[in-house]
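Contents: one structure, followed by commentary.
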Protein chains: 2
Amino acid sequence: MTVLAATSSEPTRLTSAQRVLSILGVFSSEHMALSLSEISRRTGLTLTTTHRLVNELRAWGALRRESDGRYTIGLRILELGTLAPQGLQLREVALPFLDDLRHATHANIHLAVADGHDVIYIESLRARHGVPVLSRLGGRWPMHATGTGLVLLAYSPQEFQEEVLRSKLRQFTAQTVTCPDALRVRLAEVRKSGVAITENQLTQDALAIAAPIRGPRDAVVAAVGVTVPTGSASPHSLVPALAATARGISRALGAPSATPVSGVPVSSPPRIRGLNRSVPRQGR
Amino acid sequence: MTVLAATSSEPTRLTSAQRVLSILGVFSSEHMALSLSEISRRTGLTLTTTHRLVNELRAWGALRRESDGRYTIGLRILELGTLAPQGLQLREVALPFLDDLRHATHANIHLAVADGHDVIYIESLRARHGVPVLSRLGGRWPMHATGTGLVLLAYSPQEFQEEVLRSKLRQFTAQTVTCPDALRVRLAEVRKSGVAITENQLTQDALAIAAPIRGPRDAVVAAVGVTVPTGSASPHSLVPALAATARGISRALGAPSATPVSGVPVSSPPRIRGLNRSVPRQGR
DNA sequence: AACGGAACTTCCGCCGGACGGAAGACCGTT
DNA sequence: AACGGTCTTCCGTCCGGCGGAAGTTCCGTT
């Protein structure tokens, strides 16, 4: 009963902020509705603490209690999420282009941005009679197994690429490429051709093609991808439409490389405070 | 210096969970990027506390630090928000119908659900050459001033309607109806006709028409609306397409009233635990 | 250059609120 | 009736969150 008795697997000292976040974190696409005690078990928090925090979250609108007593994510969180700058703003600009692409190709269309070692789909349009796919708005998948992810990885800093390649790369299908060397080759191909063409990486019988979208400083800020059933169409027949879409969105975002020069662009580069490293300090 | 010295406007005793949430709460569509001290000032938290909590939120992915040092909402929140059951699931089902409606009407299209006294847009499609409108995905607006809001309010429990009508109703334009009695009349009209037709309520020169969407238990779960410039088209020319869209989505959701009977539906009403009040306990 | 201000970061001692055990209410099942 | 499960409330203890203060960096101004 005295001190040092915590011989369990992990002491897991958590700050109170972490407790709050851990509750939100147990919700996922597989577990969208959870009872109080399920939340308690999954977070490892005591029932009492869970009870109190869940109620505070509910009072704020972060959680909602369904009629069966279980808790789900509240609309307040959806509302908040739309404020993510890389997210819905980009979507707003891209949506007309994506819709055109969908009508032209009858394929499933994705718009993805990088977050950690994953991509997150900030838009997902389903072809009316397209194959069912895993991709949904808000979905998160590893970079190495998605077309859009490969594109985003290919244009990431070398250092970050190696970090991802060193990490554990999950195998989704028999053909998922998880060998770092093989992936390096593919990344080089993507940089050379400007598009990623992948097959059966995340799901069987799916062919994915993706291209980079550039922002105001010509940096790659997102990727657009199309997915069709394997064998349904020649990949090369889709590339021109995809490339045009990517270029159109890039131009709408103000990417210099996608803007026809009508003179000498003399816009002076804006001063950036600090080292302009997008990952200033990751761990602790 | 002693006790009882807190003569400031509000003592504002906050729990630590509330502190965390208050930080998230200061982000809005007008303030999507905030510096640390801005967050501190707006929340009323000391700089030290803000610093610590913001870092914990960043480590978890709820916040992101931009290259200029300011903080924005992170994609983790967007990801979470897509798990809201009334949100993106509904959107998934409705999107094809909404797209058809957009092509048929060349209008701005909204899909909205109720949250508190407001509506939240869970989809917003812009006509290619439509009028610019305030509505954006994730946007929140008062029920009384939006077409979709009027529909949702009209089909809410009487008690809730009165609660909303009693509250302070903001005037957006000279024509915004804020008189409770006038609104009661309009709500009755909506229930009678099945559509809401409103003009210049939220913004000038905008005509909005909205219709209810029903779910599996025939309860109104959402509303679909179209917005066009005032005078651009007769409202009545838009109603049939809108009604068809609303009915189509309702049927896709399994609403009995929108499903052609092919026999006697004998599905027994599922037992609901508790009083089945959707707002079990609001305050505190 | 020197100064002043603002924003950000780190350190540390104190105290109040978060924590969890325990007990009670409320189901549905055996 | 007894049981197992979930949810809720109460309360005393203790420790981690809190904020003051000092230090650091980065501005723009004199």
Side-chain angles (χ1 to χ4, degrees), chain A residues 1-6 8 11-23 26 33-59 63-72 270-277 280-281 283-284, chain B residues 1-6 8 11-23 26 33-60 63-71 270-277 280-281 283-284:
Chain A
M1 295 304 181
T2 58
V3 289
L4 291 175
S8 64
T12 53
R13 282 288 88 205
L14 291 180
T15 67
S16 63
Q18 286 169 338
R19 288 174 217 260
V20 172
L21 294 172
S22 71
I23 288 179
V26 296
L34 297 168
S35 72
L36 184 64
S37 41
E38 280 174 326
I39 297 173
S40 170
R41 278 192 298 272
R42 289 175 177 277
T43 56
L45 303 175
T46 64
L47 194 56
T48 309
T49 298
T50 307
H51 181 258
R52 181 173 39 82
L53 293 181
V54 159
N55 270 343
E56 295 201 61
L57 286 166
R58 185 172 60 77
L63 293 181
R64 173 187 147 91
R65 189 157 202 188
E66 299 294 328
S67 54
D68 65 355
R70 296 193 300 173
Y71 294 90
T72 58
R271 300 262 301 279
I272 307 285
R273 218 173 74 173
L275 297 176
N276 194 21
R277 290 279 305 282
R281 197 193 304 189
R284 189 64 196 96
Chain B
M1 296 303 179
T2 58
V3 288
L4 290 175
S8 63
T12 53
R13 282 288 89 206
L14 290 181
T15 68
S16 64
Q18 286 169 338
R19 288 173 217 260
V20 171
L21 294 172
S22 71
I23 288 179
V26 296
L34 297 167
S35 72
L36 183 64
S37 41
E38 281 174 326
I39 297 172
S40 170
R41 277 192 298 272
R42 289 175 176 277
T43 56
L45 302 175
T46 64
L47 194 55
T48 309
T49 299
T50 307
H51 181 256
R52 182 173 39 82
L53 292 180
V54 159
N55 270 343
E56 295 199 62
L57 287 166
R58 185 172 59 77
W60 189 79
L63 293 182
R64 172 186 147 90
R65 189 159 204 189
E66 298 295 325
S67 54
D68 65 355
R70 296 193 300 172
Y71 294 90
R271 302 265 298 282
I272 307 285
R273 220 172 70 174
L275 296 175
N276 194 22
R277 291 279 303 283
R281 198 192 306 188
R284 189 66 198 107

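Here is the naming used below: chain letters follow the sequence lines, and residue numbers restart at 1 for every chain. Please read all numbers here as calculations on a predicted model, not as lab measurements.
One finds no side-chain N or O of B:His51 lying less than 4.0 angstrom from the OP1 or OP2 phosphate oxygen of C:dC8. Put simply, A:Ser37 has a side-chain N or O that comes within less than 4.0 Å of OP1 or OP2 on D:dC7.
B:Arg19 contributes a side-chain N or O that, together with a main-chain N or O of B:Leu14, makes up a donor-acceptor pair within less than 3.5 Å. Although no hydrogens or angles enter the test, the distance criterion places a donor-acceptor pair under 3.5 Å between the side chain of A:Ser40 and the main chain of A:Leu45.
The OH-C1' distance, from B:Tyr71 to C:dA7, rounds to 11 Å in whole Å. Rounded to whole angstrom, the span from the CD atom of B:Glu38 across to the P atom of C:dA6 amounts to 14 Å. Straight-line distance from the CG atom of B:Leu47 to the C1' atom of C:dT10: 12 Å, rounded to whole Å. Protein atom CG of A:Asn55 is 15 Å distant from nucleotide atom C1' of C:dA18, rounded to whole Å. A straight line from CZ of B:Arg41 to C1' of C:dC8 spans 12 Å, rounded to a whole angstrom. The nearest whole Å value for the distance from the CD1 atom in A:Ile23 to the P atom in C:dA18 is 13 Å. The CG-P distance, from B:Leu36 to C:dC8, rounds to 5 Å in whole Å.
Here OG of A:Ser35 is found 9.5 Å from CZ of A:Arg42. Values are rounded to the nearest 0.5 Å.
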Reading nucleotides 12-21 of chain D 5' to 3', which nucleotides get B (base under 4.0 Å from a protein heavy atom), which S (sugar-phosphate only), which -? ----SSSBBB
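Among the atoms of the strands shown, none is found under 4.0 Å from any heavy atom of A:Arg70.
In this structure the side chain of B:Arg52 never reaches within 4.5 angstrom of the side chain of B:Thr48, judged on heavy atoms. In this structure, the side chains of A:Ile23 and A:Leu63 come closer than 4.5 Å at one or more pairs of heavy atoms.
A pairwise comparison of heavy atoms in A:Arg70 and A:Ala33 identifies NH1-O, 3.5 Å as the closest pair.
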